[in-house]
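Structure first, commentary second.
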Amino acid sequence: MTLNQDGTALVERLDGVEFDFDDGWRLSGTGKWELTDRASGQNVLVTMTTRTGVDAREVSPPAQKSVAAPLTYTWRFHVRRDARGSLELFFLFDDPDIGNLYLLRHASASSPAAPS
């Protein structure tokens, strides 16, 4: 995911949040992002307005029915700092009561691409 200073965003193969994660689709596309500051904390909202691709991953157990990937989608990332003070963005996936985190970390331009 790339968040540009002008408020535009690029997402590549990003899974859905909470129960949408169970559908197994991964979206790529362009859109916008914004930082919100509420009493409950800061969030980064990323809205994909133009879908450019859809991938799928295996889900376990297999979905009982196939759910089409959405044409547009909004992710709400929570913001926190790690032990070194670096920013981390995350959302909950699967059942939010379980507390599974989908964690994104900043990758510098010189870092090798993460394996798929």
Side-chain angles (χ1 to χ4, degrees):
M1 180 171 71
T2 303
L3 305 178
N4 299 306
Q5 288 182 342
D6 66 358
T8 59
L10 170 69
V11 296
E12 295 181 29
R13 301 182 69 225
L14 196 55
D15 293 304
V17 301
E18 297 181 357
F19 290 110
D20 289 343
F21 181 84
D22 297 338
D23 296 333
W25 46 256
R26 290 181 163 163
L27 298 174
S28 298
T30 59
K32 60 185 180 173
W33 72 276
E34 69 175 313
L35 177 66
T36 63
D37 195 3
R38 300 186 174 153
S40 60
Q42 292 183 321
N43 295 122
V44 173
L45 294 178
V46 177
T47 302
M48 182 192 69
T49 55
T50 303
R51 187 177 78 184
T52 59
V54 177
D55 289 314
R57 63 175 166 67
E58 289 188 34
V59 294
S60 179
Q64 293 190 3
K65 64 176 186 170
S66 178
V67 176
L71 295 174
T72 63
Y73 196 77
T74 298
W75 292 265
R76 179 181 302 272
F77 290 93
H78 302 277
V79 179
R80 71 179 185 190
R81 294 206 178 265
D82 66 11
R84 298 182 323 255
S86 297
L87 285 178
E88 294 179 327
L89 301 179
F90 69 93
F91 62 77
L92 299 172
F93 69 92
D94 197 30
D95 183 341
D97 292 333
I98 295 173
N100 293 324
L101 295 183
Y102 190 106
L103 180 64
L104 298 177
R105 291 194 176 108
H106 182 266
S108 66
S110 62
S111 296
S116 304

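We use all heavy atoms of the structure for the numbers below, so side chains are in, but hydrogens, waters and symmetry mates are not. We're numbering straight along the sequence, starting at 1.
- Side-chain contact between V17 and R76: absent, with no pair of heavy atoms (C-beta onward) separated by less than 4.5 Å.
- Open room surrounds CD on E12; 12 or fewer heavy atoms of other groups in view lie less than 6.0 Å from it.
- How far CG of D15 is from CH2 of W25: 8.0 Å, rounded to the nearest 0.5 Å.
- A continuous path of hydrophobic side-chain contacts links F77 to L35 [ILVMFWY only; heavy atoms under 4.5 Å].
- For T50 (side chain) and G29 (main-chain N/O), no donor-acceptor pair under 3.5 Å exists by modelled atom type.
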May I have the list of side-chain donor-acceptor pairs in residues 91-100 shorter than 3.5 Å, sequence neighbours left out?
residue, atom, partner, partner atom, Å
D95, OD1, D97, N, 2.9

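- V54 and M1 end up in the same hydrophobic cluster when Ile, Leu, Val, Met, Phe, Trp and Tyr side chains are linked at under 4.5 Å.
- How far CZ of F90 is from OH of Y102: 14.5 Å, rounded to the nearest 0.5 Å.
- Within the 4.5 Å cutoff, side-chain heavy atoms of L101 are placed close to those of R80.
- Judged by the 6.0 Å and 45° rule, R51 forms no cation-pi pair with Y73.
- With a 4.5 Å cut-off on side-chain heavy atoms, L27 and W75 count as touching.
- Residues L14 and R26 fail the side-chain proximity criterion, which asks for heavy atoms closer than 4.5 Å.
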Take T74 and T47 through the test side-chain hydrogen bond (donor to acceptor under 3.5 Å, both in side chains) and record every step on the way to the result. CA-CA 4 Å; T74 298; T47 302; 3.1 Å; yes
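- Side-chain contact check for N43 versus V79: every heavy-atom pair is 4.5 Å or farther apart.
- For the atom pair CE (M48) and CG (L10), the distance works out to 11.0 Å, reported to the nearest 0.5 Å.
- Here the side chain of N4 pairs no donor or acceptor atom with the backbone of D6 at under 3.5 angstrom.
- To the nearest 0.5 Å, the span separating OG1 on T49 from NZ on K32 amounts to 7.5 Å.
- Following chains of ILVMFWY side-chain contacts shorter than 4.5 Å, one can reach L87 starting from V46, so the two form part of one hydrophobic cluster.
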